[in-house]
Structure formats: structure tokens, C-alpha cells
Amino acid sequence: MKKNFLLFVFVLCIAEAAFCQKRVVDSLKNLIKSDTGIKDKVKHLNGLGWELMYRNPDTSILLSNEALTHAKEVKWKSGIANSLGNLGVY
């Protein structure tokens, strides 16, 4: 009985974590659509790329490359570094 209960709690925690990650991804996508500043867009593109790193690495690379392009346009060193850091993980 105890073993079944622990298994149930474990599965419940995994399901909750997966659901929360989906909310984060959806939130970042909405923020990217509504961004008016380049720096905000770079931050959100990098954040979304990081969230999708293990589930969809191809998309993560594309998002980080887009963030890198925008960061280079405005010569924002922190944004460039974050984008390159994301790309280095893939």
C-alpha cells in the first residue's frame, strides 16, 4: 500500500512539473509576440530557447540564433553572451 502511494505521489509530481513547463513556454511565447523593445525580445527568446532545450533542441537553436542576431543589431553584450551561452549548451 505504501509503495503504491509513493508511486502515485511521484507520478503526480512529474505530471505537475510537465504542466508547469507548458505554462512557462506559453507565457514566453505570448511575451515575445507583445515585446516592443529589442532587449526584452532577446531575453524572452533566450528564455524560451532554454525552456525548450531538451524537448525540442532544433527550435532552441533557432530561437537562440534569432536572439543573437537581435542582440548584435543593438550591440548588447549581455544579450550576445546569453545567446552564445545557450548555443554552447546544445
Side-chain angles (χ1 to χ4, degrees):
M1 181 70 180
K2 185 176 180 181
K3 197 178 212 182
N4 288 337
F5 178 73
L6 291 175
L7 181 63
F8 173 74
V9 170
F10 177 73
V11 170
L12 188 63
C13 289
I14 296 294
E16 178 65 24
F19 181 70
C20 289
Q21 287 177 348
K22 175 110 171 97
R23 282 192 285 178
V24 169
V25 169
D26 290 342
S27 175
L28 285 168
K29 285 180 181 179
N30 289 331
L31 287 172
I32 290 169
K33 289 177 187 176
S34 65
D35 282 336
T36 55
I38 295 291
K39 288 184 178 183
D40 288 334
K41 186 169 194 131
V42 169
K43 287 179 194 176
H44 297 140
L45 285 167
N46 279 327
L48 182 58
W50 187 262
E51 289 296 324
L52 295 174
M53 179 178 14
Y54 295 112
R55 285 185 285 162
N56 201 343
D58 293 344
T59 302
S60 294
I61 292 170
L62 292 173
L63 291 168
S64 295
N65 278 326
E66 185 179 347
L68 180 61
T69 301
H70 289 305
K72 284 182 176 179
E73 286 174 3
V74 294
K75 299 178 181 166
W76 185 36
K77 290 183 181 181
S78 179
I80 293 169
N82 286 336
S83 300
L84 290 172
N86 281 354
L87 288 168
V89 173
Y90 312 125

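For reference, positions follow the sequence shown, starting with 1.
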S.K.: In chain order, what residues pass the side chain to side chain contact (heavy atoms under 4.5 Å, CB included) check against T59, with sequence neighbours excluded?
M.R.: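 So T59 forms a side chain to side chain contact (heavy atoms under 4.5 Å, CB included) with L52, N56, L63.
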S.K.: Apply side chain to side chain donor-acceptor pair (under 3.5 Å) to S78 and list each qualifying residue two or more places apart in sequence or on a separate chain.
M.R.: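 Checked S78 against side chain to side chain donor-acceptor pair (under 3.5 Å); zero matches.
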S.K.: With a 4.5 Å limit on heavy-atom distance, are the side chains of S64 and N46 in contact?
M.R.: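 Yes, their side chains come closer than 4.5 Å.
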S.K.: Can you name the residues that form a side chain to side chain contact (heavy atoms under 4.5 Å, CB included) with L62, not counting sequence neighbours?
M.R.: none
S.K.: Between atom CG of L31 and atom NE2 of H44, what is the distance when rounded to the nearest 0.5 Å?
M.R.: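 With rounding to 0.5 Å, CG (L31) is 4.5 Å from NE2 (H44).
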S.K.: Atom CD in E66, atom CG in L45: separation rounded to 0.5 Å?
M.R.: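 Atom-to-atom, E66:CD and L45:CG are 5.0 Å apart.
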S.K.: Checking the side chain of S27 only, and the main-chain atoms of R23 only, is there a donor and an acceptor separated by less than 3.5 Å?
M.R.: no
S.K.: Taking side chain to side chain donor-acceptor pair (under 3.5 Å) as the test, write out the residues that go with N30, two or more places apart.
M.R.: none
S.K.: Tell me, please, which residues at least two apart from A71 pass side chain to side chain contact (heavy atoms under 4.5 Å, CB included).
M.R.: V42, I80
S.K.: How long is the span from the CG atom in L84 to the CG atom in L68, to the nearest 0.5 Å?
M.R.: 5.0 Å
S.K.: Could you state the interatomic distance from CG (L28) to NZ (K33), rounded to the nearest 0.5 Å?
M.R.: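 One gets 12.0 Å once the value is rounded to the nearest 0.5 Å.
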S.K.: What heavy-atom pair brings H70 and I38 nearest, and what distance separates the two atoms?
M.R.: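 Scanning both residues completely, I find the closest heavy atoms to be O-CG2, 3.7 Å.
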S.K.: Suppose we screen for side chain to side chain donor-acceptor pair (under 3.5 Å). Which residues come up paired with N65, at least two apart in sequence or across chains?
M.R.: none
S.K.: If you measure from CE on M53 to CG on N86, what distance do you get to the nearest 0.5 Å?
M.R.: 7.0 Å
S.K.: So, using side chain to side chain contact (heavy atoms under 4.5 Å, CB included) as the criterion, who are the partners of K39 when residues are at least two apart?
M.R.: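 K39: side chain to side chain contact (heavy atoms under 4.5 Å, CB included) contacts with W76.
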S.K.: Kindly give the heavy-atom pair with the smallest separation between K41 and D35, and that separation in Å.
M.R.: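 Between these two residues, the closest heavy atoms are CA-OD2, 3.1 Å.
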